Number of protein chains: 2
Amino acid sequence: MSTMPNPPTPPNPRQNHLLAVLPEAECEHLFPHLEPVSLKLGEALYESGDRLSHVYFLTTAIVSLLYVMENGSSAEIAIVGNEGIVGVALFMGGETMPNRAVVQSEGHAYRLKGSVIKQEFHRSGALQSLFLRYTQALLTQMSQTAVCNRHHTLDQQLCRWLLLSLDRLPTNTLKMTQELIANMLGVRREGVTEAAGNLQHAGLIHYNRGRVTVVDRPGLEARVCECYEVVRKEFCRLLPDVIAVSPWAVSSSQHQRRQTDRD
Amino acid sequence: MSTMPNPPTPPNPRQNHLLAVLPEAECEHLFPHLEPVSLKLGEALYESGDRLSHVYFLTTAIVSLLYVMENGSSAEIAIVGNEGIVGVALFMGGETMPNRAVVQSEGHAYRLKGSVIKQEFHRSGALQSLFLRYTQALLTQMSQTAVCNRHHTLDQQLCRWLLLSLDRLPTNTLKMTQELIANMLGVRREGVTEAAGNLQHAGLIHYNRGRVTVVDRPGLEARVCECYEVVRKEFCRLLPDVIAVSPWAVSSSQHQRRQTDRD
DNA sequence: CTCAGTCTGTACGCTATCGCACTTAGATTT
DNA sequence: AAATCTAAGTGCGATAGCGTACAGACTGAG
């Protein structure tokens, strides 16, 4: 595995963990309709209120769900990577959502026409079960974001954000400016400067002009608030089949030293 | 309509708006299994991680979904009343959730064994569509809670909370101490005292030892942040059939003066 | 009526974060 | 090499909410 974040790997739908665990029968219906797309940093997959045309199965890209306020400031509600789907409103039946989906880390994805997914969704047991469970996991991430915003320090929130992002990347380097991170977390850029400075002085991360590298993941995990673990555990619980094909149950529990005294 | 919050009305499943809009065919399957229950203030329908035994269709009760932190402090993630369901994890497939559901306002509900709902869920088009859309609305409420926690003042959050609660009650009086409200919002009791004091001085509410009465709803709506409207509009959009039988599309848009200049 | 319990009001120092202004330092272009 | 731009660091007063402590007020039980 090289250090390049997005090497020109031949894209493969199975890089998306949800697609990876779909039974063969479902795949036969779905795969012919999958359309590979390349997602650029900052691109919006949908705007608030847009009628969605496709659902996106991310493979190497990361997408943030952002709520943009009337005055223009924003807050991230959830992060989606190759563990998930962007556009749940399509099969949830709501058609639109009151938030934006923007590419946080560029990469690839496959998309599927809304009509196709809706049709499949109504006849497919495995697909439905999988998607509903994913949605519940997403729901957990959202509610935990609310909790974290209320109770935890910016340092902790940055840790959580870094870990959530890292779990969705093949490397431990994030291409991201402090300005953008601030947008995601809904705080000032200067606040991120300070928090990131703290983490760097503690030897947990290293950063430089739009690149953040996590150098001590266990250290981050020791400093993050409980929110991260809640989200991760729910993912593992709800999507064990997905986790089996995913690197991150491992990459994350390898270092669970602080857990050993609890369960 | 008397001023008593929970008069001994003969309970009726149709008081729950979701049940109210289910087609006859679905009802025939479901209603025989419905069990009326009386929910006491403070009672927990489930604890974090509990395997749910029933889904609850609230009629006159209000239930808060709370996340309880390791140190014991808590934050409300969503409010559920007769517009909704408690226990979505059952049909979402996740079985449990990492939060508590506690009764915020006592009243009645009907519950349904998990096995029944799961069985119905897999053969029922209308029921499924309805529940998925409801879940998306709930999801919006959660994400908006996250946004609100990040960006808005306690005064505004209290307004939002009051309006969300009011929408789920037949009266404009809430039986609720400042202490409990503080728990819901995840803030100090003294903070609520101050915020409530502000609203009272502004002539919007009146309160007294565990009773809050909204006396100027338009005033509250003028002071609340955008979050409330986002949630309400999503509800209306996702569940128009439900809204048709509900008082609150009306009760809430009657006073939408501040909207008239926008859309 | 009194007492205990609960609910609400107030005060004060503390801290995290904000908003704003400005500087420094890499990176990119010319 | 100089000019320009973007990213990151710093400083400072303002403020919202916290933690703590305590005081008043209403309620219900005896």
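Side chains are part of it too, since the values below use all heavy atoms of this structure and drop only hydrogens, waters and symmetry mates. Chain A is the first sequence line, chain B the second, and so forth, proteins listed ahead of strands; every chain is numbered from 1. Fair warning: this is a prediction, and the values are worked out from it, not measured in the lab.
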Give the rounded distance in Å between these two atoms: [atom1] of [X] and [atom2] of [N].
X	N	atom1	atom2	result
A/N149	C/dC18	CG	P	11 Å
B/D155	D/dG17	CG	P	8 Å
A/N198	C/dT15	CG	C1'	14 Å
A/M176	D/dA7	CE	P	11 Å
B/H151	C/dT17	NE2	P	14 Å
A/L185	C/dA16	CG	P	17 Å

So, is [X] near the phosphate of [N], with a side-chain N or O under 4.0 Å from OP1 or OP2?
X	N	value
A/Y207	D/dG9	yes
B/Q200	C/dT8	no
B/Q178	C/dG9	yes

Footprint string (nucleotides 19-30 of chain D, 5' to 3'): B base within contact, S backbone only, - free, heavy atoms under 4.0 Å: BBB---BBS---
Touch class at under 4.0 angstrom, heavy-atom based, for B/G191 against every strand present: nothing
Touch class at under 4.0 angstrom, heavy-atom based, for B/V187 against every strand present: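 Answer is sugar-phosphate: B/V187 comes under 4.0 Å of backbone atoms only.
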Residue B/L154, side-chain atoms from C-beta onward, closest of D/dG9, C/dT10, D/dG17: D/dG17
Rounded to 10 degrees, the angle between the two terminal axes of the helix from C/dC1-D/dG30 to C/dT30-D/dA1, each from five pairs: 30°
A/E179 or B/T153, whichever maps to the more 5' nucleotide of DNA chain D: A/E179
Candidate list A/L158, A/I181, A/L154, test side chain to side chain contact (heavy atoms under 4.5 Å, CB included), partner A/V187, passing option: A/L154
Enclosure of B/E194 CD (heavy-atom neighbours >12, cutoff 6.0 Å):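 Counting other residues, nucleotides and ligands, CD of B/E194 stays at 12 neighbours or fewer.
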